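Only a predicted model underlies this, so the values are computations on that prediction, with no experimental measurement involved.
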Amino acid sequence: MNFLHDRRVFLKSAAAGAAVLRSGTAFGAEKAKKRNIPLGFDNFSVRAMGWKAPQLLDYAASLKVDVLMLSDLDVYESLEEDYLKGIKKKADNLGILIHAGTGGVCPTSKRAITKFGSSEEHLALAIKTAKILGSPVIRCYLGSMEDRKGEGGIYPHIDSTAAVFKKVKNLAVDANVKIAIENHAGDMQAWELAGLVETAGKDFVGVTMDCGNAAWIIEDPMLNLEILGPYAASTGLRDNAVWESENGANVVWANIGEGNIDWEAYVNRFAQLCPGVPFVLEIISQVYPRTMNYLEDSFWDVYPKARASEFAKFVRFAKKGKPYTPPPGRPEGPDSKELAQKQQKFDLERSLQYCKNVLGLGLK
């Protein structure tokens with residue numbers, strides 16, 4: 001690795017990001033009244049940068065956020081205690097709370113991460129890491145839409161995930177770390193995830209609430225908030241652009257303020273249901289829509305227990321939308337790593353600006 005080049009790229013990126021957030025030009029020069037809700041972002045939002053934890057903390061400090069979600073274990077150069085204590089010290093000095101995370105912990109899912117051993121061993125390592133970092137949570141997930149297919153659908157996977165959680169309960173409780181499982185990539189609807197939490201034990205298991213993923217599971221994000229808000233321990237939030245198509249609806253993840261979600265209403269309800277929970281952005285740059293062809297009979301094969309009244313809310317949500325177009329000024333050009341880096345930073349920084357200037361989020 002060319003350290004000097006990497007350092008120059010980071011400093012240039014951080015300075016540009018800070019300038020964007022200071023300017024206040026995109027969403028009005030005057031910031032909204034603060035709501036006393038911590039604001040942060042998930043490192044997955046800028047994954048193309050390839051930054052490790054120290055660089056991500058510097059970037060987060062330049063953007064004046066309160067929380068940094070480090071949502072995978074590969075973001076650390078080491079999982080040794082001395083290294084992790086150094087990361088915690090750096091975060092403390094910058095005034096940033098780390099929310100720690102990892103990936104798939106369901107032993108029966110194709111998305112299970114196996115390089116750390118069994119699912120129980122993986123989750124135990126993640127909890128230990130979170131404890132050293134001073135993180136109150138360890139974000140994880142079950143799997144993806146693919147786990148809804150096959151015999152029994154999603155439900156055997158829900159049972160196996162709950163069983164893993166129960167095996168590490170004492171470790172999580174002793175570490176004062178809450179397992180925060182995400183509604184991830186179309187795996188579980190909100191009511192199914194709430195059932196998993198109740199089965200495992202809501203005293204030590206909560207939710208990483210992802211309103212962007214709600215639309216991938218034919219859910220209205222406000223309904224997702226109503227069901228999962230009381231269980232929320234962390235978040236991964238972005239907007240949804242959803243509009244009707246010939247056979248159902250199209251879904252595109254969008255920057256905060258550029259999709260269908262009524263963010264004023266969402267944040268007001270979030271404050272009521274999720275006191276103390278940070279508003280963490282997981283902005284995933286996307287242009288091409290995901291199709292939800294719910295007018296085709298085969299679509300419903302993976303939703304044997306779908307609840308009609310909840311689906312009706314998603315249909316109403318789609319009826320309010322219109323085809324998505326990228327915001328003005330978003331970098332364009334041939335696909336490349338450099339373009340992905342520019343687009344991800346643009347999307348995250350624009351979303352943070354909206355959260356600060358329009359919604360009044362953040363403590364700094």
Side-chain angles (χ1 to χ4, degrees), residues 26-28 45 144-145 148 182-191 209-229 235-270 273 279-300 302-303 306-330 332 343-344 346-348 350-355 357-359 361:
F27 301 108
S45 300
S144 72
M145 170 65 75
R148 299 195 69 86
E182 180 183 323
N183 53 303
H184 183 262
D187 58 3
M188 288 177 285
Q189 292 190 312
W191 68 275
M209 187 170 58
D210 190 323
C211 62
N213 284 337
W216 271 32
I217 200 77
I218 54 170
E219 256 180 5
D220 178 353
M222 286 297 294
L223 171 71
N224 180 270
L225 171 61
E226 288 292 336
I227 295 174
L228 295 183
T235 53
L237 304 169
R238 57 194 170 278
D239 214 333
N240 278 310
V242 181
W243 66 98
E244 289 189 302
S245 63
E246 182 179 356
N247 292 312
N250 292 320
V251 176
V252 171
W253 289 329
N255 298 342
I256 303 289
E258 294 169 1
N260 297 33
I261 296 177
D262 180 344
W263 284 106
E264 187 70 23
Y266 190 97
V267 172
N268 286 341
R269 191 64 177 136
F270 181 92
L273 293 175
F279 203 89
V280 178
L281 305 189
E282 186 189 14
I283 306 300
I284 301 179
S285 302
Q286 184 191 34
V287 175
Y288 303 107
R290 181 183 181 94
T291 58
M292 312 297 288
N293 294 327
Y294 48 75
L295 296 182
E296 297 178 357
D297 291 344
S298 59
F299 178 86
W300 295 98
V302 296
Y303 297 102
R307 306 202 292 197
S309 63
E310 294 181 1
F311 172 63
K313 288 183 172 62
F314 178 80
V315 174
R316 287 196 292 270
F317 182 65
K319 285 183 178 295
K320 297 177 183 177
K322 59 183 179 181
Y324 175 77
T325 56
R330 190 174 191 267
E332 298 179 348
Q343 288 179 336
Q344 288 175 13
F346 175 91
D347 292 336
L348 173 61
R350 184 175 172 88
S351 295
L352 285 170
Q353 186 186 58
Y354 185 93
C355 287
N357 289 7
V358 178
L359 301 177
L361 302 177

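Side-chain atoms of Pro323 and Asn250, non-hydrogen and from C-beta on, never get closer than 4.5 Å to each other. Residues Glu219 and Asn213 fail the side-chain proximity criterion, which asks for heavy atoms closer than 4.5 Å. By the 4.5 Å heavy-atom criterion applied to side chains, Arg238 and Cys211 are not counted as neighbours. A 4.5 Å side-chain heavy-atom check between Val242 and Tyr324 finds every atom pair outside the cut-off. In this structure, the side chains of Trp263 and Asp239 come closer than 4.5 Å at one or more pairs of heavy atoms. Under the 4.5 Å side-chain criterion, counting only non-hydrogen atoms from C-beta, Arg330 is in contact with Ser285. Between Trp300 and Ile218, some side-chain heavy-atom pair lies under the 4.5 Å cut-off. By the 4.5 Å heavy-atom criterion applied to side chains, Met292 and Val251 are counted as neighbours.
Smallest separation of non-hydrogen atoms from Val252 and Pro289: CG2-CA, 3.4 Å. For the pair Phe346 and Pro327, the tightest heavy-atom approach, listed with the atom from each and the gap, is CE2-CG, 3.8 Å. Minimum interatomic distance between Asn240 and Gly212 (heavy atoms only, all atoms of both residues): OD1-O, 3.3 Å. Ala241 and Ala254 get closest at one heavy-atom pair: N-CB, 4.4 Å. Summarising the geometry of Leu295 relative to Glu246, their closest heavy-atom pair is CD1-O, 3.6 Å, with the distance given to 0.1 Å. Of all heavy-atom pairs spanning Gln189 and Arg148, the tightest one is N-NH1, 4.2 Å.
Between Trp253 and Trp216, the ring planes are parallel. Angles under 30° get that label, and only those over 60° would be called perpendicular.
Taking the six-membered ring for Trp and the full ring otherwise, the centers of Phe311 and Tyr294 sit less than 6.0 Å from each other.
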- Item | Full working for side-chain contact (heavy atoms from CB on, under 4.5 Å) between Leu359 and Tyr266 | CA-CA 10 Å; Leu359 301 177; Tyr266 190 97; over 6 Å; no

- Evaluate the ring pair (Phe, Tyr, Trp, His ring centres under 6.0 Å) criterion for residues Trp243 and Phe317: first the C-alpha distance (whole Å), next the side-chain angles of each, then the deciding distance (0.1 Å), finally the verdict. CA-CA 8 Å; Trp243 66 98; Phe317 182 65; over 10 Å; no

- Task: Kindly indicate, with the supporting measurements, whether the criterion side-chain contact (heavy atoms from CB on, under 4.5 Å) is fulfilled by Asn183 and Ile217.
- Result: CA-CA 9 Å; Asn183 53 303; Ile217 200 77; 5.8 Å; no

- Stepwise salt bridge (charged side-chain N to carboxylate O under 4.0 Å, His left out) check, Arg350 with Glu258: CA-CA 10 Å; Arg350 184 175 172 88; Glu258 294 169 1; 2.2 Å; yes

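With rounding to the nearest 0.5 angstrom, the CD atom of Gln344 is 11.0 Å from the CD1 atom of Ile283. A distance of 7.0 Å separates CE of Met222 from CG of Asp262, quoted to the nearest 0.5 Å. We find the CG-CG distance between Asp347 and Leu281 to be 11.5 Å, quoted to the nearest 0.5 Å. The line from CD of Glu282 to CD of Glu182 is 5.5 Å long, rounded to the nearest 0.5 Å. For the atom pair CE of Met209 and CG of Leu228, the computed distance is 7.0 Å after rounding to the nearest 0.5 Å. Rounded to the nearest 0.5 Å, atoms OG (Ser351) and CG (Leu237) are 10.5 Å apart.
Defined by atom type and a distance below 3.5 Å, a donor-acceptor pair is missing between the side-chain atoms of Asp187 and Ser144.
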